[in-house]
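Throughout, protein chains are lettered first and strands after them, A, B, ... in sequence-line order, and every chain is numbered starting at 1. These numbers come from a predicted model, not from an experiment.
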Amino acid sequence: MPHRTVGSAIHLSGQLPYRDGELLGQGVVGRDVELEAAQELARHAALNALAAAVQAVGDLDRVRIVQMLVFVASTPDFGEQSQVANAASELLIEVLGENGRHARTAIGVAGLPLNSPVEIQIICTAV
Amino acid sequence: MPHRTVGSAIHLSGQLPYRDGELLGQGVVGRDVELEAAQELARHAALNALAAAVQAVGDLDRVRIVQMLVFVASTPDFGEQSQVANAASELLIEVLGENGRHARTAIGVAGLPLNSPVEIQIICTAV
Amino acid sequence: MPHRTVGSAIHLSGQLPYRDGELLGQGVVGRDVELEAAQELARHAALNALAAAVQAVGDLDRVRIVQMLVFVASTPDFGEQSQVANAASELLIEVLGENGRHARTAIGVAGLPLNSPVEIQIICTAV
(Lines give C-alpha, C1' and ligand atoms only; values in the text may rest on other atoms or scores of the structure.)
Protein backbone atom coordinates (compact mmCIF):
# COMPACT_ATOMS: atom_id res chain seq x y z
CA MET A 1 0.00 0.00 0.00
CA PRO A 2 1.29 3.48 -0.76
CA HIS A 3 1.09 4.91 2.78
CA ARG A 4 0.26 4.19 6.40
CA THR A 5 -0.35 6.63 9.24
CA VAL A 6 0.60 6.54 12.92
CA GLY A 7 -0.36 9.54 15.03
CA SER A 8 0.24 12.51 12.76
CA ALA A 9 3.11 10.83 10.87
CA ILE A 10 2.38 9.50 7.39
CA HIS A 11 4.85 6.86 6.20
CA LEU A 12 5.07 6.56 2.43
CA SER A 13 6.35 3.43 0.72
CA GLY A 14 9.71 3.69 -1.05
CA GLN A 15 9.37 5.38 -4.46
CA LEU A 16 11.30 4.62 -7.62
CA PRO A 17 11.77 6.98 -10.58
CA TYR A 18 8.78 5.78 -12.57
CA ARG A 19 6.97 7.90 -15.15
CA ASP A 20 3.88 6.63 -16.96
CA GLY A 21 4.57 3.14 -15.64
CA GLU A 22 8.12 3.05 -16.97
CA LEU A 23 11.28 3.01 -14.84
CA LEU A 24 13.39 5.90 -16.16
CA GLY A 25 16.80 4.37 -15.59
CA GLN A 26 18.67 1.30 -14.42
CA GLY A 27 22.11 0.51 -13.10
CA VAL A 28 24.65 1.55 -10.51
CA VAL A 29 25.68 5.19 -10.10
CA GLY A 30 29.40 5.63 -10.58
CA ARG A 31 29.51 2.61 -12.91
CA ASP A 32 26.52 2.74 -15.31
CA VAL A 33 24.87 6.05 -14.43
CA GLU A 34 26.38 9.55 -14.28
CA LEU A 35 25.77 12.00 -11.42
CA GLU A 36 23.51 14.27 -13.49
CA ALA A 37 21.37 11.38 -14.67
CA ALA A 38 21.09 10.17 -11.08
CA GLN A 39 19.95 13.64 -9.98
CA GLU A 40 17.25 13.62 -12.65
CA LEU A 41 16.10 10.20 -11.43
CA ALA A 42 16.08 11.47 -7.84
CA ARG A 43 13.81 14.33 -8.90
CA HIS A 44 11.39 11.86 -10.51
CA ALA A 45 11.36 9.62 -7.45
CA ALA A 46 10.69 12.69 -5.29
CA LEU A 47 7.83 13.71 -7.58
CA ASN A 48 6.31 10.27 -7.13
CA ALA A 49 6.71 10.55 -3.36
CA LEU A 50 5.06 13.97 -3.54
CA ALA A 51 2.14 12.49 -5.49
CA ALA A 52 1.78 9.77 -2.85
CA ALA A 53 1.89 12.45 -0.14
CA VAL A 54 -0.85 14.45 -1.85
CA GLN A 55 -2.99 11.34 -2.11
CA ALA A 56 -2.44 10.65 1.61
CA VAL A 57 -3.02 14.22 2.80
CA GLY A 58 -5.68 15.16 0.25
CA ASP A 59 -4.28 18.56 -0.70
CA LEU A 60 -0.83 19.72 -1.88
CA ASP A 61 -1.03 22.85 0.25
CA ARG A 62 -1.31 20.79 3.41
CA VAL A 63 1.66 18.46 2.78
CA ARG A 64 4.65 18.97 5.06
CA ILE A 65 7.73 16.77 4.55
CA VAL A 66 9.34 15.50 7.77
CA GLN A 67 12.06 13.09 6.78
CA MET A 68 13.57 11.76 3.57
CA LEU A 69 15.81 8.73 3.17
CA VAL A 70 17.61 8.71 -0.19
CA PHE A 71 19.05 5.41 -1.33
CA VAL A 72 21.53 5.60 -4.21
CA ALA A 73 22.68 2.34 -5.82
CA SER A 74 26.37 3.12 -6.08
CA THR A 75 29.88 1.76 -6.19
CA PRO A 76 31.97 1.64 -2.98
CA ASP A 77 34.07 4.56 -4.25
CA PHE A 78 31.21 6.88 -5.23
CA GLY A 79 30.91 9.50 -2.50
CA GLU A 80 28.42 11.95 -4.04
CA GLN A 81 25.17 10.53 -2.61
CA SER A 82 24.47 13.94 -1.05
CA GLN A 83 24.56 15.64 -4.45
CA VAL A 84 22.06 13.11 -5.77
CA ALA A 85 19.84 13.68 -2.75
CA ASN A 86 20.13 17.47 -3.10
CA ALA A 87 18.22 17.26 -6.39
CA ALA A 88 15.30 15.61 -4.58
CA SER A 89 15.47 18.02 -1.64
CA GLU A 90 15.49 21.05 -3.92
CA LEU A 91 12.47 19.81 -5.80
CA LEU A 92 10.48 19.38 -2.58
CA ILE A 93 11.41 22.86 -1.38
CA GLU A 94 10.65 24.35 -4.81
CA VAL A 95 7.15 22.87 -4.76
CA LEU A 96 6.27 23.16 -1.06
CA GLY A 97 8.39 26.07 0.18
CA GLU A 98 9.08 25.92 3.92
CA ASN A 99 6.81 22.85 4.20
CA GLY A 100 9.20 21.04 1.89
CA ARG A 101 12.18 21.33 4.26
CA HIS A 102 13.09 18.04 5.90
CA ALA A 103 15.57 16.02 7.91
CA ARG A 104 17.50 13.87 5.49
CA THR A 105 19.81 10.88 5.26
CA ALA A 106 21.54 9.85 2.03
CA ILE A 107 23.27 6.51 1.67
CA GLY A 108 24.82 4.38 -1.05
CA VAL A 109 23.39 0.89 -1.37
CA ALA A 110 24.47 -2.22 -3.27
CA GLY A 111 21.36 -2.29 -5.44
CA LEU A 112 17.66 -1.48 -5.58
CA PRO A 113 14.45 -3.12 -6.81
CA LEU A 114 14.40 -3.54 -10.61
CA ASN A 115 17.98 -2.25 -10.66
CA SER A 116 16.73 1.29 -10.13
CA PRO A 117 19.61 3.68 -9.44
CA VAL A 118 17.61 5.66 -6.85
CA GLU A 119 14.87 5.05 -4.29
CA ILE A 120 13.28 7.61 -1.95
CA GLN A 121 11.39 7.01 1.28
CA ILE A 122 9.50 9.87 2.88
CA ILE A 123 7.71 10.55 6.15
CA CYS A 124 5.29 13.47 5.89
CA THR A 125 2.45 15.03 7.81
CA ALA A 126 -0.57 17.28 7.19
CA VAL A 127 -0.53 20.92 8.28
CA MET B 1 16.57 -3.19 23.58
CA PRO B 2 13.91 -4.74 21.36
CA HIS B 3 11.62 -1.71 21.04
CA ARG B 4 11.11 1.93 21.95
CA THR B 5 7.95 4.02 21.78
CA VAL B 6 7.36 7.64 20.77
CA GLY B 7 3.77 8.86 20.79
CA SER B 8 1.76 5.95 19.42
CA ALA B 9 4.61 4.69 17.20
CA ILE B 10 6.54 1.64 18.38
CA HIS B 11 9.98 1.28 16.79
CA LEU B 12 11.28 -2.28 16.77
CA SER B 13 14.97 -3.06 16.46
CA GLY B 14 16.13 -4.67 13.22
CA GLN B 15 15.37 -8.40 13.16
CA LEU B 16 17.44 -11.17 11.61
CA PRO B 17 16.16 -14.61 10.56
CA TYR B 18 16.94 -16.38 13.84
CA ARG B 19 15.17 -19.50 15.02
CA ASP B 20 15.92 -21.07 18.41
CA GLY B 21 18.99 -18.85 18.70
CA GLU B 22 20.41 -19.95 15.35
CA LEU B 23 20.79 -17.73 12.27
CA LEU B 24 19.05 -19.65 9.47
CA GLY B 25 21.27 -18.53 6.60
CA GLN B 26 24.33 -16.51 5.66
CA GLY B 27 25.69 -14.88 2.55
CA VAL B 28 24.77 -12.52 -0.23
CA VAL B 29 21.59 -13.00 -2.26
CA GLY B 30 22.37 -13.39 -5.96
CA ARG B 31 25.77 -14.86 -5.13
CA ASP B 32 25.43 -17.37 -2.26
CA VAL B 33 21.69 -17.43 -1.62
CA GLU B 34 18.83 -18.11 -4.06
CA LEU B 35 15.66 -16.01 -4.24
CA GLU B 36 13.45 -18.69 -2.67
CA ALA B 37 15.83 -19.21 0.22
CA ALA B 38 15.93 -15.42 0.75
CA GLN B 39 12.14 -15.32 0.83
CA GLU B 40 12.07 -18.02 3.49
CA LEU B 41 14.60 -16.02 5.53
CA ALA B 42 12.50 -12.89 5.09
CA ARG B 43 9.49 -14.76 6.49
CA HIS B 44 11.51 -15.80 9.54
CA ALA B 45 12.80 -12.27 10.12
CA ALA B 46 9.20 -11.00 9.83
CA LEU B 47 8.04 -13.62 12.35
CA ASN B 48 10.68 -12.38 14.78
CA ALA B 49 9.56 -8.79 14.21
CA LEU B 50 5.99 -9.91 14.84
CA ALA B 51 7.05 -11.58 18.08
CA ALA B 52 8.77 -8.34 19.14
CA ALA B 53 5.63 -6.40 18.20
CA VAL B 54 3.44 -8.70 20.31
CA GLN B 55 5.80 -8.26 23.23
CA ALA B 56 5.62 -4.48 22.81
CA VAL B 57 1.85 -4.27 22.34
CA GLY B 58 0.90 -7.11 24.68
CA ASP B 59 -1.62 -8.81 22.42
CA LEU B 60 -1.40 -10.08 18.81
CA ASP B 61 -4.91 -8.83 18.06
CA ARG B 62 -3.90 -5.26 18.82
CA VAL B 63 -0.75 -5.13 16.64
CA ARG B 64 -0.97 -2.91 13.57
CA ILE B 65 2.05 -2.69 11.27
CA VAL B 66 2.85 0.82 10.00
CA GLN B 67 6.09 0.59 8.08
CA MET B 68 8.58 -2.09 7.11
CA LEU B 69 12.12 -1.58 5.84
CA VAL B 70 13.51 -4.73 4.21
CA PHE B 71 17.27 -4.92 3.79
CA VAL B 72 18.53 -7.62 1.44
CA ALA B 73 22.28 -8.29 1.30
CA SER B 74 22.65 -8.55 -2.46
CA THR B 75 24.93 -8.14 -5.43
CA PRO B 76 24.79 -4.92 -7.50
CA ASP B 77 22.98 -6.76 -10.29
CA PHE B 78 20.30 -8.47 -8.19
CA GLY B 79 17.10 -6.51 -8.72
CA GLU B 80 14.54 -8.73 -6.98
CA GLN B 81 14.57 -7.18 -3.51
CA SER B 82 10.81 -6.56 -3.84
CA GLN B 83 10.14 -10.27 -4.31
CA VAL B 84 12.14 -11.02 -1.16
CA ALA B 85 10.20 -8.35 0.73
CA ASN B 86 6.87 -9.65 -0.61
CA ALA B 87 7.37 -12.86 1.36
CA ALA B 88 7.62 -10.85 4.57
CA SER B 89 4.67 -8.60 3.65
CA GLU B 90 2.46 -11.57 2.83
CA LEU B 91 3.26 -13.23 6.14
CA LEU B 92 2.27 -10.11 8.08
CA ILE B 93 -1.01 -9.79 6.16
CA GLU B 94 -1.72 -13.54 6.56
CA VAL B 95 -1.33 -13.27 10.33
CA LEU B 96 -2.81 -9.82 11.00
CA GLY B 97 -5.21 -9.25 8.10
CA GLU B 98 -5.86 -5.56 7.40
CA ASN B 99 -3.72 -4.63 10.43
CA GLY B 100 -0.78 -6.28 8.71
CA ARG B 101 -0.83 -3.93 5.73
CA HIS B 102 2.04 -1.45 5.74
CA ALA B 103 4.07 1.13 3.88
CA ARG B 104 7.24 -0.58 2.69
CA THR B 105 10.72 0.08 1.34
CA ALA B 106 12.98 -2.69 0.06
CA ILE B 107 16.65 -2.11 -0.65
CA GLY B 108 19.76 -4.10 -1.45
CA VAL B 109 22.67 -3.59 0.91
CA ALA B 110 26.33 -4.57 0.82
CA GLY B 111 26.08 -6.81 3.86
CA LEU B 112 24.32 -7.32 7.18
CA PRO B 113 25.28 -8.25 10.75
CA LEU B 114 26.63 -11.81 11.03
CA ASN B 115 26.45 -12.02 7.23
CA SER B 116 22.69 -12.48 7.43
CA PRO B 117 21.11 -12.27 3.95
CA VAL B 118 18.05 -10.37 5.25
CA GLU B 119 17.18 -7.88 7.98
CA ILE B 120 13.77 -6.36 8.71
CA GLN B 121 12.95 -3.18 10.61
CA ILE B 122 9.36 -2.46 11.58
CA ILE B 123 7.38 0.44 13.02
CA CYS B 124 4.07 -0.69 14.49
CA THR B 125 1.34 0.63 16.74
CA ALA B 126 -1.42 -0.68 19.01
CA VAL B 127 -5.06 -0.56 17.93
CA MET C 1 18.04 21.19 7.94
CA PRO C 2 19.32 19.34 11.01
CA HIS C 3 15.97 18.13 12.35
CA ARG C 4 12.23 18.06 11.79
CA THR C 5 9.45 17.19 14.22
CA VAL C 6 6.19 15.27 13.79
CA GLY C 7 4.06 14.80 16.89
CA SER C 8 6.54 14.13 19.67
CA ALA C 9 9.07 12.46 17.35
CA ILE C 10 12.13 14.45 16.34
CA HIS C 11 13.84 13.20 13.18
CA LEU C 12 17.51 14.13 12.94
CA SER C 13 19.35 14.23 9.65
CA GLY C 14 21.99 11.56 9.08
CA GLN C 15 25.25 12.42 10.87
CA LEU C 16 28.77 11.74 9.70
CA PRO C 17 31.87 11.53 11.95
CA TYR C 18 32.87 15.17 11.61
CA ARG C 19 34.95 17.03 14.19
CA ASP C 20 35.75 20.72 13.81
CA GLY C 21 34.48 20.60 10.23
CA GLU C 22 36.75 17.72 9.26
CA LEU C 23 35.61 14.21 8.36
CA LEU C 24 37.63 11.90 10.63
CA GLY C 25 37.93 8.97 8.25
CA GLN C 26 37.19 7.70 4.76
CA GLY C 27 36.85 4.34 3.10
CA VAL C 28 35.14 1.00 3.38
CA VAL C 29 35.22 -0.99 6.61
CA GLY C 30 36.76 -4.42 6.08
CA ARG C 31 38.86 -3.08 3.21
CA ASP C 32 40.33 0.33 4.16
CA VAL C 33 39.19 0.77 7.76
CA GLU C 34 39.63 -1.57 10.76
CA LEU C 35 36.84 -2.44 13.19
CA GLU C 36 38.30 -0.36 16.02
CA ALA C 37 38.69 2.71 13.83
CA ALA C 38 35.10 2.25 12.64
CA GLN C 39 33.92 2.11 16.25
CA GLU C 40 35.72 5.36 17.01
CA LEU C 41 34.07 6.95 13.97
CA ALA C 42 30.68 5.63 15.10
CA ARG C 43 31.19 7.29 18.48
CA HIS C 44 31.94 10.60 16.75
CA ALA C 45 28.88 10.34 14.52
CA ALA C 46 26.78 9.55 17.61
CA LEU C 47 28.22 12.60 19.39
CA ASN C 48 27.19 14.76 16.44
CA ALA C 49 23.71 13.23 16.52
CA LEU C 50 23.57 13.95 20.24
CA ALA C 51 24.56 17.57 19.62
CA ALA C 52 21.79 17.85 17.02
CA ALA C 53 19.35 16.29 19.51
CA VAL C 54 20.32 18.79 22.20
CA GLN C 55 19.83 21.64 19.76
CA ALA C 56 16.38 20.26 18.85
CA VAL C 57 15.25 19.55 22.43
CA GLY C 58 16.99 22.49 24.07
CA ASP C 59 18.45 20.59 27.03
CA LEU C 60 20.62 17.46 27.29
CA ASP C 61 18.67 16.22 30.33
CA ARG C 62 15.47 16.11 28.32
CA VAL C 63 16.79 14.14 25.30
CA ARG C 64 15.47 10.60 24.97
CA ILE C 65 16.72 8.47 22.06
CA VAL C 66 14.02 6.39 20.34
CA GLN C 67 15.63 4.76 17.32
CA MET C 68 19.06 4.62 15.73
CA LEU C 69 19.93 3.44 12.24
CA VAL C 70 23.64 2.75 11.83
CA PHE C 71 24.99 2.59 8.29
CA VAL C 72 28.44 1.06 7.91
CA ALA C 73 30.13 1.28 4.51
CA SER C 74 31.46 -2.26 4.33
CA THR C 75 32.49 -5.13 2.11
CA PRO C 76 30.01 -7.95 1.37
CA ASP C 77 31.94 -10.27 3.71
CA PHE C 78 32.19 -7.93 6.69
CA GLY C 79 29.62 -9.10 9.22
CA GLU C 80 30.51 -6.99 12.28
CA GLN C 81 28.18 -4.03 11.71
CA SER C 82 26.65 -4.69 15.14
CA GLN C 83 30.02 -4.25 16.85
CA VAL C 84 30.46 -0.90 15.08
CA ALA C 85 26.96 0.14 16.12
CA ASN C 86 27.57 -0.99 19.73
CA ALA C 87 30.17 1.75 20.10
CA ALA C 88 27.54 4.36 19.22
CA SER C 89 24.88 2.75 21.43
CA GLU C 90 27.23 2.60 24.41
CA LEU C 91 28.13 6.26 24.03
CA LEU C 92 24.46 7.29 24.04
CA ILE C 93 23.74 5.18 27.15
CA GLU C 94 26.89 6.49 28.87
CA VAL C 95 25.78 10.09 28.35
CA LEU C 96 22.01 9.78 28.76
CA GLY C 97 21.55 6.70 30.96
CA GLU C 98 18.15 5.05 30.57
CA ASN C 99 17.10 7.86 28.18
CA GLY C 100 19.90 6.78 25.86
CA ARG C 101 18.47 3.28 25.33
CA HIS C 102 16.99 2.80 21.87
CA ALA C 103 15.67 0.45 19.22
CA ARG C 104 18.42 -0.09 16.69
CA THR C 105 19.15 -1.39 13.22
CA ALA C 106 22.68 -1.81 11.86
CA ILE C 107 23.33 -2.45 8.20
CA GLY C 108 26.26 -2.58 5.82
CA VAL C 109 26.02 -0.28 2.82
CA ALA C 110 27.97 0.08 -0.40
CA GLY C 111 29.18 3.58 0.39
CA LEU C 112 28.31 6.82 2.14
CA PRO C 113 28.51 10.56 1.39
CA LEU C 114 32.10 11.80 1.10
CA ASN C 115 33.23 8.16 1.43
CA SER C 116 32.55 8.29 5.15
CA PRO C 117 32.81 4.80 6.69
CA VAL C 118 29.87 5.41 9.06
CA GLU C 119 26.61 7.38 9.12
CA ILE C 120 24.06 7.51 11.94
CA GLN C 121 20.40 8.50 11.77
CA ILE C 122 18.48 9.07 14.98
CA ILE C 123 14.87 9.61 16.01
CA CYS C 124 14.59 11.17 19.46
CA THR C 125 12.03 12.87 21.66
CA ALA C 126 11.87 15.25 24.62
CA VAL C 127 11.02 13.98 28.12
Side-chain angles (χ1 to χ4, degrees), chain B residues 1-18 23 25-33 45 48-49 52-53 55-56 66-78 81 105-125, chain C residues 5-12 28-31 35 38 53 56-57 63-86 89-90 92-93 96 98-112 117 119 121-127:
Chain B
M1 66 196 315
H3 72 269
R4 200 63 150 147
T5 298
V6 61
S8 50
I10 302 167
H11 292 261
L12 306 178
S13 289
Q15 300 291 323
L16 303 178
Y18 273 107
L23 193 61
Q26 284 187 307
V28 173
V29 185
R31 189 189 73 179
D32 317 312
V33 178
N48 289 342
Q55 196 169 23
V66 175
Q67 207 270 347
M68 178 165 66
L69 251 168
V70 180
F71 301 105
V72 183
S74 44
T75 57
D77 298 312
F78 178 84
Q81 290 85 2
T105 301
I107 65 168
V109 295
L112 290 166
L114 305 171
N115 298 111
S116 175
V118 178
E119 181 166 11
I120 285 180
Q121 179 190 289
I122 278 180
I123 302 170
C124 65
T125 190
Chain C
T5 298
V6 60
S8 50
I10 303 167
H11 292 260
L12 306 178
V28 174
V29 185
R31 189 189 73 179
L35 174 60
V57 169
V63 171
R64 184 164 74 78
I65 309 297
V66 174
Q67 208 270 348
M68 177 166 65
L69 251 167
V70 180
F71 302 105
V72 182
S74 45
T75 57
D77 298 311
F78 179 83
E80 305 183 88
Q81 290 85 1
S82 295
Q83 282 93 308
V84 177
N86 284 347
S89 291
E90 285 160 11
L92 294 174
I93 294 166
L96 298 173
E98 188 60 26
N99 283 338
R101 294 170 66 85
H102 49 272
R104 190 185 84 188
T105 302
I107 66 168
V109 295
L112 290 166
E119 182 167 9
Q121 178 190 289
I122 277 179
I123 303 170
C124 65
T125 190
V127 288

Colleague: So which atom in B:A110 and which in C:A110 form the shortest heavy-atom distance, rounded to 0.1 Å?
Modeller: CB-N, 3.8 Å
Colleague: Tell me, out of C:P76, C:A85, C:G108, C:A106, who's got the most heavy-atom pairs with chain B below 4.5 Å.
Modeller: C:G108
Colleague: Quick check for you: to the nearest 0.5 Å, what is the distance between B:L112 atom CG and C:S74 atom OG?
Modeller: 8.5 Å
Colleague: Of all the heavy-atom pairs spanning B:H11 and C:A103, show the shortest one and how long it is.
Modeller: O-CB, 3.3 Å
Colleague: Using the side-chain hydrogen bond (donor to acceptor under 3.5 Å, both in side chains) criterion, which residues pair with C:N86? Sequence neighbours excluded.
Modeller: C:R104
Colleague: What's the separation between atom CD1 in C:I107 and atom CD in B:E119, rounded to the nearest 0.5 Å?
Modeller: 7.5 Å
Colleague: Taking only residues two or more places apart in sequence or in another chain, which ones pass side-chain hydrogen bond (donor to acceptor under 3.5 Å, both in side chains) with B:T105?
Modeller: A:Q121
Colleague: May I ask you to name which of B:A73, B:A52, B:S13 has the most heavy-atom pairs under 4.5 Å with chain C?
Modeller: B:S13
Colleague: So which bits of residues 1-9 of chain B come within less than 4.5 Å of chain C, counting non-hydrogen atoms only?
Modeller: B:M1, B:H3, B:R4, B:T5, B:V6, B:G7
Colleague: Salt bridge (charged side-chain N to carboxylate O under 4.0 Å, His left out): which pairs involve residues 67-85 of chain C, sequence neighbours left out?
Modeller: B:R31-C:D77
Colleague: Let me know if C:L69 has heavy atoms under 4.5 Å from chain B in its side chain, its backbone, both or neither.
Modeller: side chain
Colleague: With rounding to the nearest 0.5 Å, note down the distance linking CD in C:Q83 to CG in B:L114.
Modeller: 7.5 Å
